[in-house]
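Every chain is numbered from 1, with letters handed out A, B, ... down the list of sequences. Worth saying up front: this structure is predicted, and the values here are computed from it rather than measured.
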Amino acid sequence: MPEIDVGTPVSQLVDWLTTHLGPFFDAISVVMLALLDGVLYLLTAPHALLMTVIFAALPLLARRWGLALFALVAFLFVQAMGLWVETMETLAVVLVASIIAVLIGVPIGIWAARSRGVSNVVRPLLDFMQTLPVFVYLIPAVFFFGIGVVPGVMATVVFAIPPAVRLTELGIRSVDEEVVEAAHAFGAKPGQILREAQLPLALPSIMAGVNQTIMLALSMVVIAGLVGAAGLGVVVVRGISTLDVGAGFEGGLAVVLIAIYLDRLTGAFAESGGSLRGLMRRRPALLPEATASTPSAIAGPTS
Amino acid sequence: MSHSMAPPDTGPVPIVAHPGRSDRTPAIEVRHLTKIYGQRGGAKGWSRGKGAGATHKPAAKDVEFTVGEGEFFVIMGLSGSGKSTVLRMLNRLVEPTSGEILLDGKDIVEMADPELRAVRNRKINMVFQHFALFPHRTVRENAAYALHVRKEGAAARTERANWALETVGLGEWGDSLPGELSGGMRQRVGLARALASDADILLMDEPFSALDPLIRRDMQELLIKLQAELRRTVVFVTHDLNEAMRLGDRIMIMRQGEVVQLGTATEILESPADDYVREFISDVDRSRVLTAGVVMQPPIAVGRPGDRPSKVLERMNRPGAHAQGAYVLDADSRILGVVEGEAIAGAVHRPDARLEDLARPPLGTIRTETTLSEACTLVGGDCVPLAVLDHEDRLVGVLPRATLLQAIATPAASTLEGDRHHA
Ligand SMILES: Nc1ncnc2c1ncn2[C@@H]1O[C@H](COP(=O)(O)OP(=O)(O)OP(=O)(O)O)[C@@H](O)[C@H]1O
Ligand SMILES: [Mg+2]
């Protein structure tokens with residue numbers, strides 16, 4: 001049995017990339033840090049209590065009173081545990097990573113939905129990304145970007161892209177084929193069909209993908225903490241490494257609280273986003289009898 | 001009206017002849033049209049369960065037909081016989097493997113995409129089996145879709161959509177969403193969407209098969225009415241023979257991708273091309289399928305007020321008149337009354353006798369869409385054959401008893417033969 005050495009070329013490639021594309025990675029690093037700092041600034045500049053009120057107000061846009069109350073209690077509790085800044089750092093990482101993952105994943109999903117070939121290539125790639133143990137690419141990421149928050153975000157992005165791609169593709173593919181045919185039959189261009197029929201009708205599925213992406217990103221924060229991404233991950237890692245079970249538990253609890261909050265919030269927006277137009281258009285109940293009494297020329301008894 | 005003003009021989013009232021193929025300019029000409037699925041774009045092939053052998057059987061094979069302008073053309077056949085494939089090739093939703101499809105003499109198979117889109121938008125529209133409305137657009141926006149695609153202004157869109165919705169009887173529902181409508185109403189929107197674009201050709205793929213029978217009946221009536229007013233060229237797929245016979249000027253029967261027979265409802269009932277067609281029509285109650293409009297004869301024994309009795313008498317005695325009397329018609333061919341033969345004969349030598357004074361109301365009349373079974377009880381009771389009226393009460397034909405019996409009687413031999421074959 002000939003021995004095939006896969007490891008050496010890979011590590012050589014990583015070496016080559018670090019030496020030759022150093023400036024490129026540095027640039028990414030700088031942009032990423034600026035982005036994270038910006039988001040973190042937005043989250044921490046206002047007083048914690050004000051932010052708590054804002055977090056509690058967001059669900060009200062989708063008329064979720066229960067979730068608003070939960071947010072109020074949860075974020076006050078986080079402050080009481082003294083983990084406010086760490087929680088906001090984590091939130092910044094999750095937001096930035098999720099936005100990047102969605103910006104990459106959704107277009108790929110659209111592309112895959114439109115081409116069998118792309119779909120056949122992308123699918124195993126996604127499996128690969130999701131099943132490859134995280135540390136395997138977390139370490140090269142540290143080589144490229146150095147210790148800190150950036151490799152954490154990068155690893156998180158890689159991990160969180162697949163659901164965005166998958167659910168976008170699924171959503172577009174499961175749009176009623178006859179409806180798409182109808183758009184073709186009336187002479188619409190492919191781009192127009194995508195914008196006006198496929199994407200709006202796939203929106204619930206795409207939003208479910210966004211929700212999944214955020215959840216996966218959140219599940220990466222502890223691991224990102226290992227490579228020095230500031231936030232709750234660091235709290236948990238420190239708690240474990242110093243055998244301070246209580247501190248670790250506090251960090252974990254804060255993660256769970258924002259996970260529940262983000263999950264319900266995106267879920268609520270996904271639901272109301274899908275039917276928002278319907279809600280706005282719903283007229284005061286129009287009784288079928290009322291219209292049947294004024295039939296127009298050709299109206300049959302069906303109307 | 002004086003005697004001299006009447007033309008020498010007005011002859012029978014012009015009847016709406018059953019539309020044949022020769023008297024229309026062709027709107028669609030299909031030649032050697034063949035479709036074999038899975039030849040191009042093999043990516044789909046392996047995922048289909050049945051394997052390569054199944055994909056190489058043509059879904060449509062050397063199909064040829066011509067649809068005249070304003071004709072209602074029905075494609076029939078069992079499930080999987082290739083009806084949808086043929087229909088969808090007409091606007092290239094399905095890409096033909098080979099053949100020609102001429103719309104007004106232009107081959108759409110050869111067209112580049114932009115031209116094809118323009119044709120789909122303005123010339124040939126489609127109504128779908130499951131309505132295929134855009135659920136996130138209002139009924140009015142759905143109806144205006146073709147105009148939206150061709151980027152017409154909001155005012156023009158609204159006006160046109162409102163007209164189309166009015167036409168299908170949904171004038172009040174423009175602001176609703178499709179989800180708020182019943183199935184029958186949704187299909188009306190589907191119809192309005194196709195009407196609003198002003199396309200000459202309407203493709204309909206089993207448009208009423210998802211509706212329950214009563215509503216289907218309403219929709220058929222709506223379509224018949226619309227067709228009488230708008231005269232679009234319609235290609236209509238169904239596997240309901242009764243529907244085909246009610247609606248179709250001509251019917252094309254398909255089996256395994258090939259055309260088995262093409263003809264009018266009566267032609268198919270009278271002389272089925274083979275056992276497949278015979279089986280198709282075997283369980284059809286002819287008296288319930290055939291309508292008076294299909295089998296009626298031209299009304300020969302007719303007179304106008306002022307016609308000379310002798311002339312009416314002469315018409316009454318022509319072969320094929322089947323009459324012991326005559327209908328008196330006004331200028332619009334509406335029946336003023338019936339004059340019995342004896343009364344006319346008695347009036348021949350009385351110059352002052354006026355036809356209309358001798359007339360009495362007919363014992364009964366039927367409409368073109370009356371089925372023969374409904375006509376049975378009325379036929380043969382009067383001295384004139386039963387009058388067939390259109391929906392504006394004009395006399396368009398008559399139904400003599402002999403014609404009715406002949407039409408209902410199935411050619412006994414062929415039925416037996418068919419039974420033996422399928423036993
Ligand atoms: N997209 C496709 N790819 C491969 N084969 C197809 C495709 N569409 C139809 N066929 C095959 O072509 C044949 C004709 O199908 P078609 O849909 O035209 O039949 P139909 O007469 O409309 O049937 P139905 O009454 O069930 O609608 C069938 O054998 C079908 O399996
Ligand atoms: Mg079909």
Side-chain angles (χ1 to χ4, degrees), chain A residues 112 114-121 123 175-193 195-204 273-303, chain B residues 41 43-44 88 91 93 113-114 116-122 124-126 128-138 145-146 148-150 165-173 175-177 179-185 188 190 193-194 197 203 211 214-215 217-219 221-222 225-226 229:
Chain A
R114 291 159 72 82
S115 150
R116 275 261 165 222
V118 173
S119 174
N120 287 342
V121 172
R123 211 166 307 154
V175 168
D176 184 354
E177 212 172 308
E178 238 190 23
V179 171
V180 178
E181 252 190 343
H184 278 292
F186 282 88
K189 287 183 191 167
Q192 189 179 18
I193 296 172
R195 264 180 291 115
E196 294 181 353
Q198 290 172 305
L199 282 181
L201 296 181
L203 200 60
S275 60
L276 202 57
R277 256 182 91 141
L279 287 172
M280 291 190 312
R281 283 186 185 277
R282 188 136 300 145
R283 300 176 300 172
L286 179 60
L287 295 174
E289 289 82 17
T291 44
S293 64
T294 54
S296 82
I298 315 185
T302 47
S303 57
Chain B
K44 249 182 184 175
R88 279 169 158 68
N91 63 355
L93 283 182
D113 277 351
L116 175 66
R117 280 198 293 269
V119 166
R120 283 174 176 171
N121 186 264
R122 293 176 183 273
I124 185 163
N125 281 171
M126 193 154 181
F128 292 82
Q129 182 173 13
H130 301 107
F131 326 134
L133 302 176
F134 304 108
H136 55 302
R137 296 173 166 260
T138 64
Y145 189 70
H148 164 76
V149 169
R150 69 177 83 136
L165 289 173
E166 209 68 56
T167 307
V168 299
L170 287 181
E172 322 240 317
W173 294 87
D175 295 317
S176 313
L177 285 171
E180 299 164 6
L181 270 53
S182 71
M185 291 160 80
R188 283 167 193 257
R193 178 170 65 179
S197 82
L203 306 180
L211 305 175
L214 278 179
I215 295 181
R217 187 97 188 167
D218 287 337
M219 293 298 290
E221 257 146 44
L222 171 70
K225 252 173 196 162
L226 286 179
E229 286 167 26

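Counting heavy atoms of neighbouring residues, nucleotides and ligands inside a 6.0 Å radius, atom CZ of Arg150(B) exceeds 12 of them.
Only the side chain of Tyr145(B) comes within contact range of chain A, judged by heavy atoms closer than 4.5 Å. Within the 4.5 angstrom heavy-atom criterion, only backbone atoms of Ile124(B) (N, CA, C, O) approach chain A. For Leu133(B), the part lying under 4.5 angstrom from a heavy atom of chain A is the backbone only. Contacts between Glu181(A) and chain B at a heavy-atom distance below 4.5 Å involve backbone atoms as well as side-chain atoms.
Across all their heavy atoms, Arg117(B) and Gly187(A) have their closest contact at CD-O, 3.3 Å. Across every non-hydrogen atom of Asn125(B) and Ala185(A), the tightest pair is ND2-O, 4.1 Å. Here the shortest heavy-atom pairing between Glu196(A) and Arg137(B) reads OE1-NH2, 3.3 Å. For Ala132(B) against Ala182(A), the heavy-atom pair with the smallest separation is O-CB, 3.7 Å.
At least one side-chain heavy atom of His148(B) sits under 4.5 Å from a side-chain heavy atom of Gln192(A). Within the 4.5 Å cutoff, the side chain of Arg193(B) has heavy atoms near those of the Phe186(A) side chain.
With hydrogens and angles disregarded, no donor-acceptor distance shorter than 3.5 Å links the side chain of His130(B) to the backbone of Val179(A).
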